[in-house]
Amino acid sequence: MAIPRRRHQHQHQHQHRLFPSISAIPAGILLLIVFIYFLAPSPLHNDHLHHTMMNDDNGGERNQVPVFRVPNSGGMRGRDIWSSKGAQYYYGCSNASNAAAVTQPNRYLAIATSGGLNQQRTGITDAVVAARILNATLVVPKLDKKSFWKDVSNFSEIFNVDWFISYLAKDVKIIKELPRRRGQIWNPYTMRVPRKCNERCYTSRLVPVLSKKHAVQLTKFDYRLSNKLDTDLQKLRCRVNYHALKFTDPILEMGQKLVHRMRMRSQHYIALHLRFEPDMLAFSGCYYGGGDKERNELGKIRRRWKTLHVRVHMLHLKNKDWLISNPDKVRRQGRCPLTPEEIGLLLRALGYDRQTHIYVASGEVYGGEETLAPLKALFPNFYSKDTIASKEELEPFSGFSSRMAALDFIVCDESDVFVTNNNGNMAKILAGRRRYFGHKPTIRPNAKKLYRLFLNRDNMTWEEFSSKVPTFQRGFMGWPKEMRAGRGVFHENPASCICEDSEAKAKMGSVPQEPGVPNKKDLDGSLEDQNTNDDMEWSDPEDEDDLRSQQANTLYNETSLDYDTPSSDEPELDELFSD
């Protein structure tokens with residue numbers, strides 16, 4: 001009996017030794033978790049922002065490729081990132097000459113605008129000039145209510161109509177509506193002019209019709225006026241766009257509230273116009289590496305329309321489906337909007353640190369919060385009108401896309417720095433406006449060059465990356481004389497309306513070259529990547545059937561990040577990229 005007793009004692013002692021060992025396992029796991037937690041990188045350096053790669057060579061030895069680690073501080077030194085050096089020597093100048101307006105009696109011009117708020121703004125501006133060319137009385141323009149944006153607002157609900165009429169009284173006679181004809185409502189003769197129609201074009205096409213019909217309405221009126229006009233007419237464009245077109249008091253008051261709230265948070269702020277909506281990406285023909293999920297989702301959006309004439313690299317198949325033949329090529333050519341992450345990296349490399357406050361004007365972002373996460377990690381002080389205003393404050397505007405866009409327009413215009421990931425109409429209008437009112441920094445990505453940099457960033461250090469960005473961005477920062485006169489559309493480069501204070505400049509002596517400011521060589525030619533000559537006179541394919549084949553060849557005559565589309569059978573498509 002002694003042997004079994006000793007065996008039992010031995011088993012009992014073994015269990016006593018085993019239990020402490022087992023209980024120690026959870027404690028070890030807990031210590032391991034704590035150890036890993038302290039060694040793990042910060043959330044800023046997640047998979048989107050922290051790239052470490054290893055490769056094998058020399059018989060299996062592993063060599064570490066440079067780590068792309070984004071710092072919290074800005075990447076550029078030696079310049080004021082909140083202003084443009086030398087801007088004080090340039091100012092907007094658009095006073096009228098002594099030539100008085102001559103209005104022919106019984107000659108009326110009405111126009112119907114096209115697109116969203118900023119595309120309509122372009123049409124309104126050019127309509128005033130067209131009326132001046134024709135010596136006609138202008139009827140207050142009609143705003144597009146059937147476009148992709150579907151806003152039922154009238155002119156007087158967005159713009160101060162009385163101010164508009166009175167400010168331009170010496171230039172063009174403007175009335176709110178056509179007079180009655182023989183006691184009846186007067187329905188004007190409807191027609192359309194070609195895109196970028198010049199003075200001679202308007203005179204030859206419209207004067208005979210006005211002489212016979214007396215009242216003409218021009219439809220789908222956007223970009224229907226040439227970039228090249230006499231200086232007096234160019235200055236009239238500026239008087240309309242920068243002075244006569246004022247938002248209504250409710251819009252101005254709410255917009256200024258938003259600006260004030262951004263100023264209360266920080267001395268300076270950046271406004272970012274972020275176009276990354278699903279519809280826009282679907283029709284841009286761009287691909288962002290989302291695999292079959294992205295292709296399927298964007299493909300479904302394309303199939304909503306029976307016909308689509310958006311890009312020449314899209315092929316219409318017999319089953320009404322769409323195939324994007326070479327989306328990677330589209331990105332290489334700089335024709336795709338930058339992702340939120342890429343915009344964040346661009347801003348950091350240009351010197352804006354983690355404490356920078358950003359106001360984002362954006363629609364629905366493809367991918368939602370997951371897509372925005374890298375940008376918010378870089379710039380956590382991230383705001384929009386929905387976060388700095390209550391639903392009750394925004395309620396009078398929320399059901400109207402143009403009024404909501406007007407609020408964003410005000411905050412973006414008042415910002416210290418304006419940034420865009422695209423080159424749509426809002427970007428163009430604000431770029432020109434900010435040049436006219438003091439050359440406030442306006443950053444538009446040189447996407448063609450930056451694409452290669454973003455693509456290869458895993459193979460370089462942050463220092464290498466951030467040193468190249470300012471060089472690639474020369475000519476795309478909104479500084480004085482950055483673009484030659486005649487480059488780009490007039491609304492983004494109103495050179496005829498910007499004067500130089502030579503005397504003040506001479507008193508201050510020569511201005512040293514600022515890092516990132518284009519030199520003479522840059523100004524003489526390097527901007528051709530994006531600011532190609534677009535002064536060709538377009539004929540609308542719906543007006544001139546025999547020029548349909550020419551349309552494909554001239555599609556990219558705008559700046560190469562231009563998302564304006566040629567006319568199609570579906571009006572929604574024409575307006576999709578407008579703002």
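Index from 1, following the sequence.
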If only atom types and distance count, is the side chain of [X] paired as donor or acceptor with the main-chain N or O of [Y] below 3.5 Å?
| X | Y | result |
| --- | --- | --- |
| E492 | I429 | no |
| T356 | Y352 | no |
| Q473 | L450 | no |
| E464 | T461 | yes |
| K440 | S84 | no |
| E482 | M477 | yes |
| D144 | G115 | yes |
| K235 | S496 | yes |
| W163 | H243 | yes |
| E297 | E294 | no |

Do the non-hydrogen side-chain atoms of [X] and [Y] ever get within less than 4.5 Å of each other?
| X | Y | result |
| --- | --- | --- |
| K85 | W479 | no |
| K176 | V161 | yes |
| S153 | R403 | yes |
| F454 | F465 | yes |
| R348 | W462 | yes |
| I174 | V139 | no |
| R265 | I388 | yes |
| R435 | I498 | yes |

Salt bridge present between [X] and [Y] (N-O < 4.0 angstrom):
| X | Y | answer |
| --- | --- | --- |
| E395 | K391 | no |
| E342 | R331 | yes |
| R275 | E364 | no |
| D126 | R237 | yes |
| D416 | R263 | yes |

ring-ring contact (aromatic ring centres under 6.0 Å, His included) between F437 and Y91, intermediate numbers included: CA-CA 7 Å; F437 288 110; Y91 59 95; over 10 Å; no
For the residue pair [X] and [Y], is the inter-centroid distance of their aromatic rings smaller than 6.0 Å?
| X | Y | answer |
| --- | --- | --- |
| Y436 | Y242 | yes |
| Y223 | F490 | no |
| Y288 | Y366 | no |
| W82 | Y269 | no |

Can you name the nearest heavy-atom pair linking [X] to [Y], along with the distance?
| X | Y | value |
| --- | --- | --- |
| A361 | C412 | CB-SG, 4.1 Å |
| A406 | I251 | CB-CG2, 3.7 Å |
| L258 | A389 | CD2-CB, 3.8 Å |
| S398 | M404 | CA-SD, 3.6 Å |
| G424 | N422 | N-OD1, 2.6 Å |
| V360 | I358 | CG2-CG2, 3.7 Å |

Within the 3.5 Å criterion, strictly below it, is a donor on [X] or [Y] matched to an acceptor on the partner's side chain?
| X | Y | result |
| --- | --- | --- |
| R434 | T442 | yes |
| Q119 | D222 | yes |
| S284 | R335 | no |
| N154 | K145 | yes |
| N423 | R444 | yes |

Point-to-point distance, once rounded to the nearest 0.5 Å, from [atom1] of [X] to [atom2] of [Y]:
| X | Y | atom1 | atom2 | value |
| --- | --- | --- | --- | --- |
| I343 | F379 | CD1 | CZ | 10.0 Å |
| R121 | H491 | CZ | NE2 | 10.5 Å |
| L281 | L298 | CG | CG | 6.0 Å |
| K385 | L407 | NZ | CG | 6.5 Å |
| H273 | S362 | NE2 | OG | 7.5 Å |
| I443 | L346 | CD1 | CG | 6.5 Å |

Under 30°, 30 to 60°, or over 60°: which ring-plane class applies to F159 and F247, parallel, tilted or perpendicular? parallel
Mark yes or no: [X] above the aromatic ring of [Y], with NZ or CZ under 6.0 Å from the six-membered ring centre and no more than 45 degrees from the axis.
| X | Y | value |
| --- | --- | --- |
| R295 | Y287 | yes |
| R433 | F409 | no |
| R224 | F221 | no |

Begin from the C-alpha positions of Q333 and K448 and carry the test side chain to side chain contact (heavy atoms under 4.5 Å, CB included) through to its verdict. CA-CA 5 Å; Q333 292 173 338; K448 187 174 182 179; 5.6 Å; no
Could you go through D171 and R239, starting from their C-alpha distance and side-chain angles, then the distance that decides it, and tell me whether this counts as salt bridge (Lys or Arg N to Asp or Glu O under 4.0 Å)? CA-CA 10 Å; D171 297 299; R239 289 197 296 279; 2.7 Å; yes
SG atoms of C336 and C286 less than 2.5 angstrom apart: yes
NZ (K376) with more than 12 external heavy atoms under 6.0 Å: yes
Assess whether side chain to side chain contact (heavy atoms under 4.5 Å, CB included) is satisfied between Q256 and I410, documenting all intermediate values. CA-CA 7 Å; Q256 289 303 322; I410 293 170; 3.9 Å; yes
In this structure, which one of N241, L225, L138 forms a side-chain contact (heavy atoms from CB on, under 4.5 Å) with V128? L138
Show your working on disulfide (SG to SG under 2.5 Å) between C93 and C499 and close with a plain yes or no. CA-CA 6 Å; C93 53; C499 297; 1.9 Å; yes
With side chain to side chain contact (heavy atoms under 4.5 Å, CB included) as the criterion, how do V411 and D408 come out once you've worked through the C-alpha distance, each side chain's angles and the decisive distance to 0.1 Å? CA-CA 5 Å; V411 184; D408 281 335; 5.5 Å; no
Assess the residue pair F155 and K142 against the criterion (side chain to side chain contact (heavy atoms under 4.5 Å, CB included)); give the C-alpha distance rounded to whole Å, side-chain angles, the decisive distance to 0.1 Å, and a yes or no. CA-CA 7 Å; F155 186 101; K142 295 180 181 179; over 6 Å; no
